[in-house]
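Encoded as structure tokens, the structure appears first; notes follow it.
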Amino acid sequence: PICPNGSGNCQLTLEELFDRAVKLAHYIHYLSSEIFNEFDERYAQGRGFIAKAVNSCHTASLTTPEDKEQAQQIHHEDLLNLILGVLRSWNDPLIHLASEVQRMKEAPETILWKAVEIEEQNKRLLEGMEKIVGRVHSGEVENDIHTPWEGLPSLQLADEDSRLFAFYNLLHCLRRDSHKIDNYLKVLKCRLIHDNNC
Amino acid sequence: LPPEKPRIIKCRSPEKETFTCWWKPALDGGLSTNHTLLYSKEGEEKVYECPDYKTAGPNSCYFDKKHTSFWTIYNITVRATNEMGSNVSDPHYVDVTYIVQPDPPVNITLELKKSIKRKPYLVLTWSPPPLADVRSGWLTLEYELRLKLEEGEEWETIFVGQQTQYKMFSLHPGKRYIVQIHCKPDHHGLWSEWSPEMYIEIPTDFRVKD
Amino acid sequence: LPPEKPRIIKCRSPEKETFTCWWKPALDGGLSTNHTLLYSKEGEEKVYECPDYKTAGPNSCYFDKKHTSFWTIYNITVRATNEMGSNVSDPHYVDVTYIVQPDPPVNITLELKKSIKRKPYLVLTWSPPPLADVRSGWLTLEYELRLKLEEGEEWETIFVGQQTQYKMFSLHPGKRYIVQIHCKPDHHGLWSEWSPEMYIEIPTDFRVKD
């Protein structure tokens, strides 16, 4: 870290902030994939959930880049705000995911642990992204991009198939959105820090 | 008789920008059969036809950049039609994010070096496959190498993460080794083929003087 | 007399989630002295006091998950106060990523093997410390092993990168060796303690037939 001589305050460089954000986003997506795969193997085999899980993520209304060109053309401040918006949109569902998974019949320890770990690390990444946006953003950090989640009742449905589908869909969306965040941060890091020469 | 049900064999993307699907044509009992690939994308009612039946050869459909989206589920079917009727394959759900299979790494070099304490070690370096744009950060590749003694049976496989260089420390002096490397997108996708076999001989005089 | 200047000795994090700082208390000339740890975060004027003086024992401050951020640099000082006055340590800057010191590797095994042409070699294998293993992909570790003849003086240290296995070729038949391994996060951070000493005897009949 740069510790300016004599001044009472050292500061992390933008590169260091991005390095940590990329590593953390990579880790969160790794966990999200693992928890999805474990849940899919244990609870979703043969239930045809994939066909139903189409276009039902609570963050679908956030228009995010869907290919390389879109990811490269979007202004970095807009992409940073989108990342913040997706992260904020997951705060609430992740809190409930962690508590609802604990209520599931013999939910394996590994799924339980991951749900709690993802919730904690997501909050941590949000803290870091707000710091990065604060550094990069000329103006005030935009706080409005955020999509509400009304999925809690479906996680508590009595009918097992519907309840399991609600979990499946939430984990499917978590895997997708965490992968987007991981990918966008890698693109932004290469663009802003390495001049597109990673 | 109308044709039997065709079957979509697989879909692959070599560089996370375009993708191709291949199908197994329906048995046509001698009548000339025509195949049509149809797809719809998550969140849209519209059904599209394959944009390009040519580029990737027979019984294939090539989706160029304009027709390729990520984090979106494609519902793909193939319909076989002859003069007696038609038959549709089962739907094939694809999110291109999960079907990326890159080409093998290139420019592999093997170099023998001596550490400060005269221990021999092997430095391997390589480059990502040319098609893969890792510079922009859109695609991030991970690598795995394997090596074995020329006359040996068992490969030793080592995952090296995103590095494009690796130092091998524990080598038999006087032996010949075979080395190969392959790669995969981080998180999702499939391992590439192994790179062509490369040979390296560890000189005997590398024996450490006790 | 007011107390002398206290000194912050070190700060360590076992897993990038929490961290602890220790200080050397000021010489107090017999008067009862009280120590207070204060810290501020980069870019913030606010000054906070140590959240927990107990958990990590005397003359220490423990920062739990809630108080640990790895997006900022901490500016930490310790103030010693007695009835005659007080004195403040020099500031100690802490970036949690740089002070990670993992626990040593575990499950170390030593196995003597004979290669195809009866050449003996020793295969060492080990596992990452439990905490790092669970967090794979988040805490990437590198390893270094050292060995020496039991009656020898000098350790031979070998860096083995991220491998969790190593083959040793040049060993003296009939001798006893001591082996230890330690690990470090791949970019920043500190070497762990050495693992407990392990012993291996190379049988005499392992004489190398050239």
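In the text below, chain A, chain B and the rest are named by the order of the sequence lines, each starting its count at 1.
Q70(A) does not touch chain B: none of its heavy atoms, backbone or side chain, sits under 4.5 Å away. D95(B) touches chain A through its side chain: at least one heavy atom from C-beta onward sits under 4.5 Å away, while N, CA, C and O do not. Only the side chain of E17(B) comes within less than 4.5 Å of a heavy atom of chain A; its backbone N, CA, C and O stay farther away. Neither the backbone nor the side chain of R191(A) has a heavy atom closer than 4.5 Å to any heavy atom of chain B. Heavy atoms closer than 4.5 Å to chain A are found in both the backbone and the side chain of T72(B). For a residue to count as touching a neighbouring chain, one of its non-hydrogen atoms must lie under 4.5 Å from one of that chain's; by this rule D182(A) touches chain B with the side chain only. Both the backbone and the side chain of H179(A) come within less than 4.5 Å of a heavy atom in chain B. Residue E15(B): no heavy atom, backbone or side chain, is found under 4.5 Å from chain A.
Side-chain polar atoms of R175(A) and Y98(B) form a donor-acceptor pair below 3.5 angstrom. Residues Q45(A) and E41(A) bring no donor and acceptor atom of their side chains to less than 3.5 Å of each other. Side-chain contact of N197(A) with R135(B): a donor-acceptor pair under 3.5 Å is present, judged by distance alone.
Contacts with chain B were tallied for K189(A), H194(A), K180(A); K180(A) has the most, counting heavy-atom pairs under 4.5 Å. Note on N75(B), V134(B), D133(B): by heavy-atom pairs under 4.5 Å with chain A, the leading option is D133(B). Among the candidates H29(A), K68(A), K186(A), the residue making the largest number of heavy-atom pairs closer than 4.5 Å to chain B is K68(A).
W126(B) is not listed as a side-chain neighbour of N107(B), based on a closest heavy-atom distance of 4.5 Å or more. Inter-residue side-chain proximity for V94(B) and C11(B) is flagged as met; some heavy-atom pair is nearer than 4.5 Å. The closest side-chain heavy-atom distance from Y53(B) to P58(B) is not below 4.5 Å. Between T77(B) and Y39(B) there is no side-chain heavy-atom pair separated by less than 4.5 Å.
C61(B) has its SG atom 2.5 Å or further from the SG atom of C21(B).
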